[in-house]
Amino acid sequence: MTADLFGRAIRDHYLGERNEPLVDRNGSATRVHPIEEFYFGAVTGESDKQQWVDSWLDGPLLDMGAGVGSEALYWQEQYETVAIEISNLLVKTMRDRGVENAVQADMFSLPDSFERNQFASVHAKGTQVELAGSMQGLRRFLGDLAVITKPNATAVIDFHDPEHEDAGELFGYRDDPTRGLAYRLFHCEYEGAVGKTLLFRLFSPARLRDATIGTGWELSDIRRSNNGYHYRAALTRV
């Protein structure tokens, strides 16, 4: 078991020093993690998808799980943006790429790193919020998010919908008997090292709406990707 092999693989890719693939493994099933496609594409405001996201955001903005900072580079030209990652190697890569305010922080311990009412908007791409692990974990996360955001703040967060007919195509997908819930389970391997097993809890839009109750947030809109099972949720602080 090696710490932060995910961050190391992406850092090596950025530096041109990666000689082996980053592999996701679910039992005997594997896939090559598409680092260039997932993290290094340029972000502009031209696509309908990006325009929808932008319509919900304002500064100061917290970009959670920011990867190598592709979105942060775009947003910091418009308003104050703080980009966070739990991986120090990814934070270093963001800074090398020109992200002005890249911070090492845990998205599941936000009040430990930021002030009350600090941000007008928050963003989380890549379904990392599903690492909350449970309905209770999601409620706790949303409650923490309310602490560090201003009144009437907004959030755009990625999720997978387990009720979509094609959700079973997701890598590492596992059914759950509870309606509107499922999970994914897999780990990463790089240069012979094995990362920790990750459990992503999947929430349908209806279960997300249930989770917001009592957290200070409400579900305002969703936007589905072409595959249907991936969606972005726009939340408003109430």
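Worth knowing before you read on, the calculation uses all heavy atoms, side chains too, and leaves out hydrogens, waters and symmetry mates.
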For the pair Thr215 and Arg139, evaluate side chain to side chain donor-acceptor pair (under 3.5 Å) and give the outcome as yes or no after the intermediate values.
CA-CA 6 Å; Thr215 66; Arg139 289 189 183 101; over 6 Å; no
Can [X] and [Y] be counted as an ion pair, charged N to O under 4.0 angstrom?
X: Arg8; Y: Glu191; answer: yes
X: Lys125; Y: Asp158; answer: no
X: Arg201; Y: Asp176; answer: yes
X: Arg224; Y: Asp161; answer: yes
X: Glu163; Y: Arg179; answer: yes
X: Asp24; Y: Arg184; answer: no

Apart from Leu89 itself, residues in the same hydrophobic cluster as defined by side-chain heavy atoms under 4.5 Å:
none
Report the hydrophobic cluster partners of Tyr183, with the cluster defined as I, L, V, M, F, W, Y residues connected by side-chain heavy atoms closer than 4.5 angstrom, directly or transitively.
Leu185, Leu199
With a 3.5 Å distance limit and no angle check, can you tell me whether Glu85 reaches the backbone of Gln104 through a side-chain donor-acceptor pair?
no
So, Ser113 side chain and Pro111 main chain: donor-acceptor pair closer than 3.5 Å or not?
no
Is it true that the NZ or CZ of Arg97 lies under 6.0 Å from the centre of Phe40's six-membered ring and within 45 degrees of the ring axis?
no
How about His123 and Trp56: do any of their side-chain heavy atoms sit closer than 4.5 Å?
no
Report yes if the side chains of Val23 and Cys188 come closer than 4.5 Å at any heavy-atom pair, otherwise no.
no
Just say parallel, tilted or perpendicular for the rings of His33 and Phe38, cut-offs at 30° and 60°.
perpendicular
Could you check, using the six-membered ring where one of them is a Trp, whether Phe171 and Phe186 have ring centers closer than 6.0 angstrom?
yes
Looking just at side-chain N and O atoms, do [X] and [Y] make a donor-acceptor pair shorter than 3.5 Å?
X: Asp63; Y: Tyr74; result: no
X: Asn26; Y: Arg174; result: yes
X: Asp58; Y: Ser121; result: no

So, applying side-chain contact (heavy atoms from CB on, under 4.5 Å) with Phe114, which one of Thr149, Asp144, Ile148 is it?
Ile148
